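These numbers were taken from a predicted model, which means no experiment stands behind them.
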Amino acid sequence: MWLFFVQSLFAGEKTPKDVSVQELLTQGLSPKLVAEWKENLKLSRESFLDWKRSLKGNDAKLVSKVWKVFRLSYPKTPKSEPPPKKPTKNELARTTKGNLHPNQTNETPTDGVFVGLGTQNLDVRNLPIEEKNHSTVCVGGNQNGNRYVLEKRDEQFLYGVDFTKQSYRFTSGSRYKPIPHFYFDKDPNFYSQLDRPGSPLPQPLQSSHFFGIQLPYEGKKREFGSFFANGFSHHPGFYFNSPNNSYAGVWSPGGQKSSLFVNDTYQFESFGNHRIQSESIFDKKETVGFLYIKSESKDSVYFFDSTIYRDSPLLYGNVANGELRPEIPQTLGYARGSYKHLFGGEGLSSLEGHRYETGSSVFFPLFVSNWGNLLYRYRKYSERGNYQFEELGRAVIYEWRKEKTVISIGFEAREKRGQWEGKIAIPISSGQLIELSALFREGNFYTRSWFENWTYASDFNINLSDREEILKIKFISSFMSLNVSYSKKEESPNPILFINFQFLQRFEI
């Protein structure tokens with residue numbers, strides 16, 4: 001009785017079950033941490049407290065802060081009440097994913113079999129027919145965390161296995177690998193838009209083999225091992241992968257070639273939220289890859305993002321963009337910052353052979369409302385090298401933003417010429433989104449246009465284009481994806497059309 005009396009004096013006003021998702025997000029918890037909070041609440045009280053004690057670093061500070069702010073307590077369940085029911089596999093698979101990136105969801109794979117198919121067509125002249133059309137059909141399954149697949153890519157019959165036994169993991173074939181890299185040993189003629197944790201259809205590979213060991217680390221697993229992938233290096237090498245697939249790398253000492261992958265978020269009470277995505281391939285000939293950084297202040301007032309990439313014929317994975325692969329390496333850097341997406345500026349620098357292009361801009365609002373904002377943009381374009389050009393662009397843009405939804409349509413006027421530009425990104429639901437980006441140029445431009453483009457490997461990218469028309473549409477869900485890209489040059493009567501369709505049907509067992 002005395003124990004219960006003392007417990008009642010110091011009991012919090014809420015239990016962890018009484019704290020809503022919105023309250024957790026308001027206190028600074030990431031969607032991923034909120035999902036873990038809610039998932040562990042479905043287990044026993046001891047399991048939840050063990051999870052709480054296992055947290056480290058900033059996650060531990062945030063959870064402790066919530067505990068203090070809401071004066072939480074988690075008393076033992078009275079014997080008259082049944083203990084919480086252990087969630088089923090289907091319930092775990094439906095756990096809320098919040099605003100995580102599509103390829104960083106917490107999706108839990110369920111046992112079953114699947115059938116997948118894909119077809120793509122690149123309609124462009126002066127390209128062999130075998131490089132225009134590609135198709136794939138595959139069947140496979142997932143059982144107790146082990147995956148297998150048999151597939152036919154064009155005229156090739158291939159396999160893929162991913163087996164885990166105790167602490168050991170073995171992957172072999174042309175589909176599975178223990179590292180999250182997008183470009184590593186990628187089949188240059190195929191890609192998977194349905195790639196996500198637990199998916200039976202990650203990125204198609206050339207033939208590769210991995211053998212490693214998984215070591216427990218704070219309730220999760222990190223992995224080390226060796227590999228051989230002839231498409232990446234003619235010599236064997238080593239790989240590592242951190243928990244949550246946030247950091248991964250491969251190294252082939254004999255081939256003097258390596259690759260590094262980063263996809264992580266950082267949250268600080270005073271400095272807001274930050275995200276970094278990167279993948280690079282380091283070769284003795286040249287280094288290729290990309291780096292993307294996105295930052296947001298704690299009060300969601302200041303925004304900054306930047307990207308730098310080096311594109312080259314050596315970079316596998318230049319896919320689904322409706323353009324031919326580059327013949328000359330290009331290094332491009334871009335950065336922009338803004339206040340409430342209303343006042344800001346941006347800068348760009350690109351080196352492609354002897355062609356050096358730079359540009360800068362500022363933008364500010366002409367009209368602000370709950371139905372969208374009308375922005376004015378002043379941009380300067382410059383090109384040096386074989387030609388010396390400079391142009392000024394003045395644009396009026398309508399823009400509406402809400403969370404991750406973006407609608408932007410505008411017109412930029414230059415000297416006796418102009419361009420229409422637009423972009424739309426709408427998350428329909430968790431793991432489903434539709435994206436559209438378009439550019440229409442009228443008149444003879446001296447310099448190339450900046451074209452915002454969403455790519456699979458990163459959230460955002462930007463490139464330079466001299467095409468008269470560009471239209472890109474992408475729809476993705478857990479069972480289907482569609483990519484359509486159309487572009488046309490003014491001096492060429494032959495447009496480029498790229499279409500890729502993929503379908504995945506799962507059957508639980």
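With D59 contributing its side chain and L55 its backbone, the two residues share no donor-acceptor pair below 3.5 Å. Judged by distance alone, the side chain of S278 and the main-chain N or O of F290 form a donor-acceptor pair under 3.5 Å. Proximity of a side-chain donor or acceptor of T447 to a complementary backbone N or O of Y381 within less than 3.5 Å is not detected. Judged by distance alone, the side chain of D154 and the main-chain N or O of S135 form a donor-acceptor pair under 3.5 Å. Under the 3.5 Å distance criterion, the side-chain polar atoms of Q277 are left unmatched by any main-chain donor or acceptor of D264. Remark: the backbone N or O of K186 is paired with a side-chain donor or acceptor of Q206 at under 3.5 angstrom. The closest donor-acceptor contact from the side chain of R175 to the backbone of P202 lies under 3.5 Å. With hydrogens and angles ignored, the 3.5 Å screen pairs no side-chain donor or acceptor of S259 with any backbone N or O of V250. A donor-acceptor pair is defined here as one N or O able to donate and one able to accept, closer than 3.5 Å; such a pair exists between the side chain of D187 and the backbone of N189. With hydrogens and angles disregarded, no donor-acceptor distance shorter than 3.5 Å links the side chain of S306 to the backbone of A335.
Shown are F261, F210, Y247; of these, the ring pair (Phe, Tyr, Trp, His ring centres under 6.0 Å) with H181 is made only by F261. For the ring pair (Phe, Tyr, Trp, His ring centres under 6.0 Å) criterion with F227, the lone passing option out of F240, Y239, F184 is F184.
Considering CG of L194 and OG of S477, their distance stands at 7.0 Å, rounded to 0.5 Å. Note that CZ of R147 and CG of L201 are 9.5 Å apart. Values are rounded to the nearest 0.5 Å. In this structure, OG1 on T307 lies 9.0 Å from CD1 on I462, to the nearest 0.5 angstrom. F224 CZ to R169 CZ: the interatomic distance, rounded to the nearest 0.5 Å, is 14.0 Å. Atom-to-atom distance recorded for I476:CD1 and S481:OG is 6.0 Å, nearest 0.5 angstrom. Note that CD of E352 is 9.5 Å distant from CD of E383, once rounded to the nearest 0.5 Å.
Between the side chains of S167 and Q214, no donor-acceptor pair of N or O atoms lies under 3.5 Å. Counted by atom type alone, Q419 and S449 present one or more donor-acceptor pairs between their side chains at under 3.5 Å. Between R310 and T331, the side chains place a donor N or O and an acceptor N or O closer than 3.5 Å (distance only, hydrogens not considered). A donor and an acceptor atom, one from each side chain of E223 and N241, are nowhere located under 3.5 Å apart. Checked by atom type, the side-chain pair Y334/S350 shows no donor-acceptor distance below 3.5 Å.
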side-chain contact (heavy atoms from CB on, under 4.5 Å) evaluation trace for V484 with K472: CA-CA 6 Å; V484 180; K472 297 187 179 185; over 6 Å; no
Start with the C-alpha gap between I281 and K257, add the side-chain angles, then the distance that decides, and say whether side-chain contact (heavy atoms from CB on, under 4.5 Å) holds. CA-CA 7 Å; I281 296 177; K257 193 172 184 180; 3.6 Å; yes
Which is it for Q193 and N483 under the side-chain contact (heavy atoms from CB on, under 4.5 Å) test, yes or no, and what are the steps along the way? CA-CA 9 Å; Q193 190 71 66; N483 248 294; 2.9 Å; yes
Verify side-chain contact (heavy atoms from CB on, under 4.5 Å) between L117 and F501, making sure each step is shown before the conclusion. CA-CA 8 Å; L117 61 89; F501 173 78; 4.2 Å; yes
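Classification of E151 and R153 as a salt-bridged pair holds, one side-chain N sitting under 4.0 Å from a carboxylate O. The pair E468-K489 does not count as a salt bridge, with every side-chain nitrogen at least 4.0 angstrom from each carboxylate oxygen. In summary, E357 and R355 engage in a salt bridge, as defined by a charged side-chain N under 4.0 Å from a carboxylate O. In summary, R336 and E452 engage in a salt bridge, as defined by a charged side-chain N under 4.0 Å from a carboxylate O. A salt bridge is defined here as a Lys NZ or Arg NE, NH1 or NH2 lying under 4.0 Å from an Asp or Glu carboxylate O, and E399 with R401 meets this definition.
Judged as a side-chain hydrogen bond (donor to acceptor under 3.5 Å, both in side chains), and not counting sequence neighbours, the contacts of S295 are H274.
Looking at W37 and V63, their side chains come closer than 4.5 Å, going by heavy atoms from C-beta outward.
A 6.0 Å sphere centred on OH of Y266 holds more than 12 heavy atoms belonging to other residues, nucleotides or ligands. The environment of CH2 in W51 is crowded: more than 12 heavy-atom neighbours from other residues, nucleotides or ligands sit within 6.0 Å. Within a 6.0 Å sphere centred on CZ of F303, heavy atoms belonging to other residues, nucleotides or ligands number more than 12.
Note on ring orientation: taking the six-membered ring where Trp is involved, the planes of F211 and F170 are tilted (angle from 30° to 60°).
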